[in-house]
Each structure stands twice: as structure tokens, then as C-alpha cells.
2 protein chains.
Amino acid sequence: MSQRKAPADAGRATIRDVAERAGVSVASVSRVLSGNYPVSDDLRRRVMKVVQDLDYVTNAHARSLAGGGTPTVAILINNITGAAFAHVAQGVEGAASLRGWLSLVGTTGDDPERELALVNLMRQQGVAAVVLLGGAYDFDEYQLRMGRFARSLDAAGSHLVLVGRPPLEGDVPATTVDYDNGGGAYAMASHLLSVGHRRVLVLPGPADLTTAQDRLSGAQRAFEAYGVPFDPGMVRHGSYDYRHGYDAVEASLREGVDFTAVLAGTDVVAAGAMQALRAAGLRVPEDVSIVGYDDIPLASQLTPQLTTVHVPYEEMGRVALRAVADRREAGPGRRRGSDGDHLVLGTHVVVRHSVQPPAQPA
Amino acid sequence: MSQRKAPADAGRATIRDVAERAGVSVASVSRVLSGNYPVSDDLRRRVMKVVQDLDYVTNAHARSLAGGGTPTVAILINNITGAAFAHVAQGVEGAASLRGWLSLVGTTGDDPERELALVNLMRQQGVAAVVLLGGAYDFDEYQLRMGRFARSLDAAGSHLVLVGRPPLEGDVPATTVDYDNGGGAYAMASHLLSVGHRRVLVLPGPADLTTAQDRLSGAQRAFEAYGVPFDPGMVRHGSYDYRHGYDAVEASLREGVDFTAVLAGTDVVAAGAMQALRAAGLRVPEDVSIVGYDDIPLASQLTPQLTTVHVPYEEMGRVALRAVADRREAGPGRRRGSDGDHLVLGTHVVVRHSVQPPAQPA
DNA sequence: TTGAAAGCGTTACCAC
DNA sequence: GTGGTAACGCTTTCAA
């Protein structure tokens, strides 16, 4: 009996400490704190007083175990550092905390092992949803992998949400929030073509990244639409970073490649390209035009400000969270389609100052 | 008896489902999974088989309740979107996952109410530590507030870590990981002065933000050291963003303020300043030199690349996590100093291409 | 309106 | 080695 651990001695105070000290039952304390049950004013006052005195907060783990608990979303990303991520995360986190939800963040570092470990970890945490961010490699393996994740999560009462990734094929319990990637690239390339560019250097990104593939094919479609032959030799794949933009342009210049514009797969790549052009004594946009993709803050901080494709990252985050919240309210079994949802948001070209008709028409 | 819920029917499978199906005791399953206890190979095989079949993962909440559990760090920030944050978060998250710890993220949006709510929420979650990021306003209130947080957290077996914020005064159970803010500003201003600049426009940031105050006073010290009178009229406070950099320079130019260099409180502010200079037909650094602070990726992506002060954000994150991990291993009661720790990392100037001696010596 | 007690899923201690 | 089983802190019927 007296072997029970000392009241508020070690560790945090428990609901029992509060109950004893307030001279009421544990159940009553729980009711007062949950607020979803009628209690007398007197009781409420007594309990709250003690809660203040003890600086008591509920143990979230115990609460979850017993049924209650704050819903939590997990955001998994390759690299926290990307600006695009930050905005999606902001969207998710904002929408989450608006509803009193919590957000967890994990980084995979592009390591499939780690991704799996994280998904399982999140499953252990009993998160309401796992949001996976960013493009994917290797389509087939990806489909298999995500299918497994989706089912595992679903079986555990959670849900998989893919943001900015290809939707899953077949009957898989997952939600995809996507943007019109190809459409944006199409529009961006069209913009370049419409002002007269014909020889454009294309830096789509990693060859095996779905996002990059979509952007490239969107651009190709634009060339076709304009009846301009698309020269595969003008395409240079590489990672989505500043370095690649710089190196690709520098190399092209060195090799004497003839181009009047650069279509970068990312604003950051565009920034690198711009720098390389400058280093070679070329002016932007007088000598060479440049366009990016993403419309992160950097785009408008460059000189000249970058014409690019706006991707509604933050909204995607909000939409993703809303999707899982709605689904959760709808209750189990009331899934939209058996194959999950696929939401796609629009993109649009933001015209700034990095494009100009080519000096000497090709 | 048979009223027990159906095995792996609703929700996720439990350890009991695994035990039954494997024909062993719950305790054995726990042992196999924890791995911290001798078990026969046969038992291990049997259990693992079922675990795979059922795609079972332990319930983290139950585990925490029962004693085990994954330590978790909470990172609280005003705004996820800042590049500096991303790097600190990366440092924390990286170091955390290295140790198998989890990271939670919450945004306060500069709202004290929300900050309090989040700290309490984290307390509920039983996090091992709460890491608060970013400068602070209103020094006295800040001290009081943080003191309260520190004690609450400490009483609950958690710990407060302040990163890039002023340390707490007095006997408060908190750890501060700081950087030599004033020193960096001193060095940066000295650099400007040493190449001959005398009339420098200073854009320190928000007047009431401690970070900005430190940077300003550091710069002032440099002026004193160089025997150059510091003109308060050349200081323009404002928020830490692109817009402010742009506006401040534009206004100064319009008002005919005479300056040969601008000392920006942040790389982003510097970017705005640079743009405004360009818009006014001024060249950087030929006509006006510019320096920033932070050394975020943007700094090297601008043209010309920005000379700035490197702040070891990611390392601060790592150090912060290491500090709490160490403290936790050391066990309760084995705190370093009764007033907590105060670690301060160094900063240094990164010379790039945005500074040049003034065209016409003042 | 309030109290008692049965879980929730794990871990860890105590027997065998 | 392995199996019981009492916590862990809370929510939620079920009674009163």
C-alpha cells in the first residue's frame, strides 16, 4: 500500500496526484480536463487549482493508450534543407496545428532503408498519417514499395499521403497530392518558344527522378506543339542543385554548344546557370534567357528576377492535411474511392525579368 | 472471456496477437523484440515469423508508458521557412536519428500564446528536450518566461535548450547553445573598415530582437576600434527580410544618404539591398560593397557572391542534441552546473566577391 | 454529478 | 530460458 511511489516526487505529477490533492476521484479530474463532460463548477475549480499548483499536464502516451490522444501527422522528406520542402511542411504544420494536431518530421537522406525504418517508426507512433514528400526514383520498385507502405499503414488505422510524387497504381489505400508538373513545364517552354527562342539548353534534373522526367516531357510537348525540333543533345541531366546548373552551363559553353536560353529544372539550378553565364561574361537576359521551376523565394531574389513556374507547395501541404483530416472524420470504411484519392493542383508561369527575345534569331 | 476483441481484426495487431499465434508468452515476444535479453534461437525464429506475417510493430505509446520508449526532441520555431532554421533543424534531426531519437517540430508564428501551448504540448508528449530556436524579443519578459519553461520542463524530467538565443540568468535548469554573434559582426564590420569604407549603411534587423542588437553593437565596437565615428543616422532597423533590405536601400538612395557599403543583418536582407542598388543603376561591388550575415546557401548563389559571416547553424543543432543526450546519459542529478550550460560556437567571415575598396575614399 | 474499476499494449520483475 | 503478472497513467463504461 505505502509502496506506491511518493506523490509528486520523482518525475511528473500524475492524474492521481491531482485527484488526491483535490480530494476527488481520478475520473473526475479526467472529466474536468477533457472538458467533454458535465461537471460541477465547484469540482472544476478545485481541480484546476491543483492542476495549476502542480503545473500538471496529461501524459500524452497514457492518453493515447486509453483511447484519447492528439492526432499526429508525420512528414518524411529526403532533405529538410530544400526550400520546397519548407513550404510544404509549413502548409502541413499550419493546417495541422489549426486542428490541434501535432507534426513529426523525419529525414530519409535518400536512403530506402531509412525510409522504411521511418515509416515503421511512425507506425509505432500510431500517427494518423504519413506524408511522403518529393520525387521518386525507379518507378516499378517505387510502386511496390509504396503499395506495401500504404497497406501497412492502412491496416494500422493510419494513412499514406504522397505529396509531389507519382500516384499509386491499382487498388491501394493512399492519397496523392500532386501538381501539374508537365503542364507547368509545357507552359514554361512555350513561353520561351513564343518569344522566339529555338536553341534552348535543357537542365531537367536527375534522369531517373520522376519529377524531372515529367518536366522534361512537358517541355518536349511544347516543342512539338510549336513545330520546333527538339534536340536531345541539348539536354543535360544532373542533380537538382546549384552546382549542376553551374557546371552544365560552363561545360556547354566550353564545348561551344549554341543556345539562346536555358530551361532549368529548378530555381536553384537556374541560379547556378545564371552564375556560370555571368562568369563567362554573358548577360542575362540580353545574351541568354533563363527560366526556372518552383518559384521559391530565391527566384525573386536573383538579379534579374527569375521567370519561373509557380508550384503551390504550401497549398499542397494544406490540402494533404485536409485530405487526411476529412477522411478521418468520415470514419473508417467511408473511403472515397477504393483506390484512394488523387488531387492535382495547378501550376502557372510567373513572368519576371530573366527572359527576352533572342538577340539573333536562330 | 470471448468478449475479447477479435485477434487482428480491428486496428493494429498487438503483442498478444503475436504471442498467441506463435504459441509463446507475451513476455517472450517482448524479449525477442527488445533484443536486450537472452532467448533461444527457436523462440526468436518463431516470433519473428509471426511478426513478419502480421506486419506487427510495437505500440510506441504503450512502450513509453511501460518504461521503454524512444526519446524525442521537440524543435520549436517561429517560422519553418527560414533557411537558418532548416540547418539547425537538420543538425538536430540528424544527430537525433543517429541515436534513434525522434524529432517533433512545431511553429509558433511569433505568438507567445502559441509558444506556451506548444511547450505544454511537448511536456505532455514527455519529450526528452525542447529546443527553442531563434532570437528573442523583450529581454525581461523573455527571461521570466523561459525561466518558467525551464523549470516546468525540468520538473517533468525534460529539458529546455535555447539555440541562438540569449542564455538565461540565474539558477535556471536550461542549456544554451549560442554563437559569437557580436564577434561575427565585429569581424565583418572590421573587414569593411579595413578596405577603406567609412560611410556604411547598417541594416541590423528588428530593433527589439536580441540577435539584431548584438550584431549592431558588434559592428559599433569595430568602428570604435578603428577610430571611425559611428553615425547612428546610418542605421535603419526593420525586419529580417528581403523586402526590408530593398526598401531601406531604396529610401536611403532617395534621401541622398551617402554611403559606400552596406552592412546587412542577414544574407536575405543583403539580397534585397543588392537588388535595390542594381535597380538604381549602381554596381556591386564597384560602386557599393555589401556584406551579409548567416552564410546561408543564398549567399553564394547571388551575383556577386556575398561576403558574409558564417554561422555554424547545423553544428549548433548537433551540439544542442548532443548536450541533451549527454545530460540524459549522465542521469538525473548529475547536471553540469546548477545554472545549466552555455555553449558558444565561433563565427567567421567568409570573403567572397561583394566587397571592394570604395571608389572615392571618404 | 461523481466514484470505482476495467481495460489500452508494453515492459520488467519474480517465479519456475 | 520462459511464463505469469503487476504496474505505467489515462479514459470510459457502469453504478450509485
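In what follows, chains are A, B, ... by sequence order, proteins preceding strands, each numbered from 1.
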Does a nitrogen or oxygen in the side chain of B:Ser40 sit under 4.0 Å from OP1 or OP2 of D:dT2? yes
Expressed in angstrom and rounded to an integer, what is the separation of A:Arg16 atom CZ from D:dC8 atom C1'? 9 Å
With a non-hydrogen cut-off below 4.0 angstrom, is A:Val18 in contact with a base, only sugar-phosphate, or nothing? nothing
Less than 4.0 angstrom from a charged side-chain N to a carboxylate O is my criterion; do A:Asp55 and B:Arg123 meet it? yes
Does a salt bridge link A:Asp17 with A:Arg21, judged by any charged N lying under 4.0 Å from a carboxylate O? no
Output the rounded distance in Å from CZ (B:Arg12) to C1' (C:dG9). 9 Å
Can you measure A:Ile15 atom CD1 to D:dC10 atom P for me and round it to whole angstrom units? 5 Å
Can you find a side chain N or O atom of A:Tyr56 that sits less than 4.0 Å from OP1 or OP2 on D:dC10? yes
Is there a donor-acceptor pair closer than 3.5 Å between any side-chain N or O of B:Arg12 and the backbone N or O of A:Gln124? yes
In plain terms, say whether B:Arg322 and B:Asp326 are close enough for a salt bridge, that is, a side-chain N and a carboxylate O under 4.0 Å apart. no
Between A:Glu20 and A:Arg16, does any side-chain N to carboxylate O distance fall below 4.0 Å? no
Nearest-nucleotide check on DNA chain D, A:Leu65 vs B:Ala27; residue mapping nearer the 5' end is B:Ala27
Under 4.0 Å, heavy atoms only, any strand: does A:Thr58 hit a base, just the sugar-phosphate, or nothing? sugar-phosphate
Could you give the CG-to-P distance, from B:Asn59 to C:dG7, as a whole number of Å? 18 Å
What integer distance in Å separates B:Leu33:CG from C:dT11:P? 7 Å
Looking at A:Arg31 and C:dG3, is any side-chain donor or acceptor paired with a base atom of the opposite kind under 3.5 Å? yes
Considering every strand and a 4.0 Å limit on heavy-atom distances, what is the contact class for B:Val24: base, sugar-phosphate, or nothing? sugar-phosphate
Quickly work out the A:Asp42 CG to C:dT1 P distance and round it to whole Å. 13 Å
More 5' along DNA chain D: A:Ala66 or B:Asp41, using each one's nearest nucleotide? B:Asp41
If I take atom CG in residue B:Leu43 and atom P in nucleotide D:dG3, what distance separates them, rounded to the nearest angstrom? 6 Å
To the nearest angstrom, how far is B:Arg63 atom CZ from D:dC8 atom P? 19 Å
Within the pair B:Ser25 and D:dG3, is there a side-chain N or O less than 4.0 Å away from OP1 or OP2? yes
